[in-house]
Amino acid sequence: MKKAVFWKCMIVLFVALSLSSAISCFMISRILMENTEEHMQYVLRFWDASLDMNRDLQEQVEALPQVVSNEKARFTIIGLDGTVYADSEVEDISSMYDHSDRDEVQEALEGEDGVAVRRSDTLDISMLYVTHYSQNHQLILRVAIPFIGLGVYVKLLLPSILVSFAISTLIAISLAARFAKTVSLPLKEISREIQKIQEASPEFNYKEYPYPELNIIAETTANMSKEIQSSIQKLEKERTIRQEFFSNASHELKTPLTSVRGYIELMESGIVTNEAQKEEFFQRIKKETENMTHLINDILMISRLETKEAEVVFSEVRMYPLLEDVLASFETMAKSMDVTIKLDCKPVCIYANLQQMQELLNNLIGNAIKYNRPGGTVTIKMEEYQKKLYFSVSDTGVGIPKESLDRIFERFYRVDKGRNKKVGGTGLGLSIVKHIVQFYNGQIQVKSVVGKGSIFEVWIPMNK
């Protein structure tokens, strides 16, 4: 890349120098040409002032080249009618025809200094003609010199132009090499830093470069790297969660299956002959299968909520009547655990799925009762707040340790595994709650103090 930048810079600089040299050469040549014309006009005015009409005009004209120290100069005196009266290069002026049609003569007759370049018929060379109208003598004075063209001026200027071009080229090479280095070196440093992304925990150290575009590249790559590392960590965390999920799901399914198999083998062996005991075994088998059914249904619900593949039927759900139905199903449990339920609810209607809202209430209220203390209370609040359904469940139970608050919504995570086995459940309740809230783009928040209780607060938009 460094070479490519260098040579492109050199091409641009070479073209620029060539154009500037050509333009400079043309302009200087033009200036020299104008100076020559101005000098010739000065000679003509000097001649006009010194011309003596009482003397022989031909002799005066022939002496002028020596006077002005220019043997190549040709002087001519022309009448207003175009008649040639004298010429420094031609002795027999009778051979010279009418000059009234000459461009430089016409311009002089119009009161302007005449200038023309053409091939002389007399001398058969290209000449530069400059004329002056003499008001003192009513004549047209003309001086001519061989016209060598701008090319000669270019040749005169060529050495100095080549020297300046060479110096400019050397400076350009130095500047181009430095510029190429200032561009390529930062890119190499950025590429080396980018290669660190393969490391486990890369640390990027980008410098402040003189070009804002390079700083943008460095900043962008650093941000991209952070996002990639964040994504990798997220994927790693999800992989760990999946592994734990499969492990926990296998364990949760294996435990009841082992119990069912044990009861069946006991009855098949013929050891159990008492009908009452057989009936007890059948009831235990039924209970274990129901637990497995609940577990599988919960797993399927979480999967549907995560993928959002299942068709969900939405309708206007009246939350207070639904809450009453849920509380009726927990009435026996609450009485057995001596837990009092207090309500502070207002009628709210939300556009949602009835089964999901019921599952949300079931899990939050069920946990508040199961993890409460005898004589404790569960307080339920419900209202519409800023176009959102606000729902909170607080209890006076055992509370949740601070280190567990960030993990209680994970699948199969249990704060107190021993107590969880006693109260039952699949260990997926709060995970289902979190997924339902996220499904509706809502928010859930939990606050808890060990030994004093917990409060779960949920905000769900009224219209999905």
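For this chain, numbers begin at 1 and follow the sequence in order.
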A.B. asks: Just checking Glu37: does its CD atom have more than 12 heavy atoms from other residues, nucleotides or ligands closer to it than 6.0 angstrom?
C.D. replies: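 Counting neighbours around CD of Glu37, more than 12 heavy atoms of other residues, nucleotides or ligands fall under 6.0 Å, so yes.
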A.B. asks: Of the non-hydrogen atoms in Glu104 and Thr131, which two are nearest, and what is the gap between them?
C.D. replies: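 The answer is O-OG1, 2.7 Å.
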A.B. asks: To the nearest 0.5 Å, what is the distance between NZ (Lys434) and CD1 (Ile444)?
C.D. replies: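 With rounding to 0.5 Å, NZ (Lys434) is 10.0 Å from CD1 (Ile444).
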A.B. asks: How far apart are the closest heavy atoms of Val117 and Ser126, and which atoms are they?
C.D. replies: CG1-OG, 4.1 Å
A.B. asks: Which atom names give the shortest non-hydrogen contact between Glu457 and Ser392, and what distance separates them?
C.D. replies: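 So the minimum-distance heavy-atom pair works out to CG-CB, 3.9 Å.
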A.B. asks: Around Arg318, counting heavy atoms of other residues, nucleotides and ligands shown, do more than 12 lie under 6.0 Å from its CZ?
C.D. replies: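 Result for CZ/Arg318: open.
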A.B. asks: Checking Val317 against Ser315 for the side chain to side chain contact (heavy atoms under 4.5 Å, CB included) test, could you report, in this order, the C-alpha distance in whole Å, the side-chain angles of both residues, the deciding distance, and whether it holds?
C.D. replies: CA-CA 6 Å; Val317 179; Ser315 62; 4.1 Å; yes
A.B. asks: Any chance you could lay out the side chain to side chain contact (heavy atoms under 4.5 Å, CB included) test for Tyr440 and Leu389, step after step, and finish with the verdict?
C.D. replies: CA-CA 11 Å; Tyr440 289 92; Leu389 166 66; over 6 Å; no
A.B. asks: If you look at every heavy atom in Pro461 and Gly442, which pair is closest and at what distance?
C.D. replies: CD-CA, 4.0 Å
A.B. asks: Leu343: what forms a side chain to side chain contact (heavy atoms under 4.5 Å, CB included) with it, not counting sequence neighbours?
C.D. replies: Tyr320, Leu323, Leu327, Ile341, Cys345, Ile380
A.B. asks: Tell me, with the steps shown, if Ile436 and Met357 meet side chain to side chain contact (heavy atoms under 4.5 Å, CB included).
C.D. replies: CA-CA 8 Å; Ile436 291 175; Met357 293 298 104; 4.1 Å; yes
A.B. asks: Flag the pair Pro146 / Met127 as yes when at least one side-chain heavy-atom distance between them is below 4.5 Å, and no otherwise.
C.D. replies: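 The answer is yes; the side chains approach within 4.5 Å.
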A.B. asks: Do Lys370 and Asn367 have side chains that approach each other closer than 4.5 Å (heavy atoms only, starting at C-beta)?
C.D. replies: yes
A.B. asks: Side chains of Glu359 and Gln355 only: does a donor on one sit below 3.5 Å from an acceptor on the other?
C.D. replies: no
A.B. asks: Taking the inter-plane angle between the rings of Phe439 and Phe314 on a 0 to 90° scale, is it parallel (under 30°), tilted (30 to 60°) or perpendicular (over 60°)?
C.D. replies: parallel
A.B. asks: For Tyr385, give me all partners under side chain to side chain contact (heavy atoms under 4.5 Å, CB included), at least two apart in sequence or on another chain.
C.D. replies: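 For Tyr385, the residues satisfying side chain to side chain contact (heavy atoms under 4.5 Å, CB included) (neighbours in sequence not counted) are Tyr390, Trp459.
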A.B. asks: Hey, could you give me the CG/CD1 distance between Leu430 and Ile400, rounded to the nearest 0.5 Å?
C.D. replies: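 Nearest 0.5 Å value for the CG-CD1 distance: 7.0 Å.
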A.B. asks: Is there side-chain contact between Ile432 and Leu360, with heavy atoms separated by less than 4.5 Å?
C.D. replies: no
A.B. asks: With sequence neighbours excluded, what pairs up with Tyr129 under the ring pair (Phe, Tyr, Trp, His ring centres under 6.0 Å) test?
C.D. replies: none
A.B. asks: Does CZ in Arg118 sit with more than 12 non-hydrogen atoms of other residues, nucleotides or ligands closer than 6.0 Å?
C.D. replies: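 Enclosed.
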A.B. asks: Kindly indicate, with the supporting measurements, whether the criterion side chain to side chain contact (heavy atoms under 4.5 Å, CB included) is fulfilled by Val348 and Met462.
C.D. replies: CA-CA 9 Å; Val348 179; Met462 299 299 293; 3.6 Å; yes
A.B. asks: Do Lys402 and Val450 come close enough that some side-chain heavy atom pair is under 4.5 Å?
C.D. replies: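 Heavy-atom side-chain distance check fails, nothing below 4.5 Å.
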A.B. asks: Would you name the heavy atoms of Ala73 and Val143 that are closest together and state the gap between them?
C.D. replies: CB-CG2, 4.4 Å
A.B. asks: Taking all non-hydrogen atoms of both residues into account, name the closest pair between Asp103 and Ala116 and its distance.
C.D. replies: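 Nearest pair, atom of Asp103 first, then Ala116: CB-CB, 4.3 Å.
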A.B. asks: Could you tell me whether a side-chain N or O of Thr396 sits under 3.5 Å from a main-chain N or O of Thr377, the two making a donor and an acceptor?
C.D. replies: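 Yes; judged by distance alone, with no hydrogens or angles, the pair exists.
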A.B. asks: Does any N or O in the side chain of His435 come within less than 3.5 Å of the main-chain N or O of Ser431, such that one atom is a donor and the other an acceptor?
C.D. replies: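 Yes: the side chain of His435 pairs with the backbone of Ser431.
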A.B. asks: Check whether any side-chain heavy atom of His132 lies under 4.5 Å from a side-chain heavy atom of Asp113, and answer yes or no.
C.D. replies: yes
A.B. asks: Do Asp395 side-chain atoms and Ser454 backbone N/O form a donor-acceptor pair below 3.5 Å?
C.D. replies: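 Yes; judged by distance alone, with no hydrogens or angles, the pair exists.
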A.B. asks: Tell me, do Asp344 and Glu383 make a side-chain contact under 4.5 Å, heavy atoms counted?
C.D. replies: no
A.B. asks: Using the salt bridge (Lys or Arg N to Asp or Glu O under 4.0 Å) rule, collect all pairs that involve residues 322-341, keeping only residues at least two apart or in two chains.
C.D. replies: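 Residue pairs passing salt bridge (Lys or Arg N to Asp or Glu O under 4.0 Å), neighbours aside: Glu331-Lys335.
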A.B. asks: Could you list the residues that satisfy side chain to side chain contact (heavy atoms under 4.5 Å, CB included) with Ile264, not counting sequence neighbours?
C.D. replies: Val260, Glu268, Ile285
A.B. asks: Considering only heavy atoms from C-beta outward, does the side chain of Val446 approach that of Phe409 to under 4.5 Å?
C.D. replies: yes
A.B. asks: Side-chain contact test, heavy atoms from C-beta onward, threshold under 4.5 Å: evaluate it for Leu364 versus Phe391 and give yes or no.
C.D. replies: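 A side-chain contact exists here, since the closest heavy-atom pair is under 4.5 Å.
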A.B. asks: Please identify each residue that fulfils side chain to side chain contact (heavy atoms under 4.5 Å, CB included) with Asn362, with sequence neighbours left out.
C.D. replies: Val326, Ser329, Phe330, Gln358
